[in-house]
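The block underneath contains the structure these notes are about, expressed in structure tokens.
We number each residue from 1, following the sequence as shown.
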Amino acid sequence: LGYNDQQGTVKGTAMNKLTARINATHKLFDDKVVLAVAMTTSQIKDKGAATGGDIGFEGNVISRAIQTNPTYPILATDGSYFTNGTPAFRNPVSLLNQVSIGANS
């Protein structure tokens with residue numbers, strides 16, 4: 001039985017993994033026949049951020065953070081996420097907080 005709870009390097013990212021394994025062996029007819037069974041199962045919960053290259057037109061969090069002017073505020077005066085007015089700009093903090101990528105397997 002194993003458990004792994006790993007926090008990611010980007011805010012809000014993590015992976016939880018639970019694994020179990022059972023091995024059984026039974027011998028019959030004076031050890032002439034051996035029955036063996038091995039079973040393994042796992043459950044993985046993966047929570048990611050928009051960090052891949054295939055995120056779409058909005059880009060990924062890391063490249064947006066690198067490309068964004070560091071003097072831009074995170075929030076506008078009305079409390080919404082700041083934008084510089086160009087359609088191509090996406091605030092990296094809003095991208096981090098509003099886009100969540102998760103998978104369960």
Side-chain angles (χ1 to χ4, degrees):
L1 189 62
Y3 180 72
N4 184 7
D5 185 10
Q6 185 174 8
Q7 298 299 313
T9 55
V10 176
K11 178 185 172 189
T13 61
M15 183 195 65
N16 299 13
K17 182 177 181 181
L18 177 64
T19 58
R21 181 171 175 93
I22 296 173
N23 294 327
T25 304
H26 189 70
K27 297 180 181 182
L28 303 169
F29 307 116
D30 296 326
D31 296 341
K32 293 181 182 178
V33 176
V34 178
L35 298 175
V37 175
M39 294 175 24
T40 303
T41 186
S42 66
Q43 179 183 16
I44 300 171
K45 294 182 181 178
D46 194 15
K47 184 176 180 190
T51 57
D54 58 349
I55 301 305
F57 72 94
E58 294 179 352
N60 69 61
V61 171
I62 296 170
S63 68
R64 285 290 178 190
I66 291 170
Q67 295 170 1
T68 299
N69 184 337
T71 62
Y72 284 166
I74 295 171
L75 299 175
T77 55
D78 64 357
S80 64
Y81 286 108
F82 173 81
T83 181
N84 67 1
T86 60
F89 177 77
R90 178 73 189 259
N91 186 318
V93 177
S94 74
L95 188 61
L96 181 64
N97 290 335
Q98 295 175 344
V99 177
S100 179
I101 300 169
N104 293 329
S105 60

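Cluster partners of Tyr3, by chain and number: Leu1, Leu18. The rule joins Ile, Leu, Val, Met, Phe, Trp and Tyr whenever side-chain heavy atoms lie under 4.5 Å apart. Under a 4.5 Å side-chain heavy-atom criterion applied to ILVMFWY residues, the cluster that includes Met39 comprises Val37 as well.
To the nearest 0.5 angstrom, Asn84 atom CG is 13.0 Å from Arg90 atom CZ. Annotation: the span from Asn16 atom CG to Lys47 atom NZ amounts to 10.5 Å, rounded to 0.5 Å. Remark: Ile66 CD1 to Arg64 CZ distance equals 12.0 Å, nearest 0.5 Å.
For the side chain to side chain contact (heavy atoms under 4.5 Å, CB included) test, residues two or more places apart in sequence or in another chain that qualify with Leu75 are Tyr81. Residues meeting the side chain to side chain donor-acceptor pair (under 3.5 Å) test with Asp78, sequence neighbours left out: Ser80. Take Thr83 and apply the side chain to side chain contact (heavy atoms under 4.5 Å, CB included) test, not counting sequence neighbours, and it matches Phe89. Take Leu28 and apply the side chain to side chain contact (heavy atoms under 4.5 Å, CB included) test, not counting sequence neighbours, and it matches His26, Val33, Leu35. Residues meeting the side chain to side chain donor-acceptor pair (under 3.5 Å) test with Thr9, sequence neighbours left out: none. Under the side chain to side chain contact (heavy atoms under 4.5 Å, CB included) criterion, Asp31 pairs with Lys27, sequence neighbours left out. Residues forming a side chain to side chain donor-acceptor pair (under 3.5 Å) with Thr40 (at least two apart in sequence, or on another chain): Arg21.
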### Query
When you look at Phe82 and Ile74, which way does the side chain to side chain contact (heavy atoms under 4.5 Å, CB included) test go after all the steps?
CA-CA 6 Å; Phe82 173 81; Ile74 295 171; over 6 Å; no
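Closest approach of Ala14 to Asp46, counting heavy atoms only: O-OD1, 3.2 Å. In plain terms, the two heavy atoms of Ala65 and Pro92 that are nearest each other are N-CB, 3.8 Å. Closest approach of Asn91 and Pro73 over heavy atoms only: ND2-O, 4.0 Å.
With contacts defined as side-chain heavy-atom distances shorter than 4.5 Å, the pair Gln7/Thr13 does not qualify.
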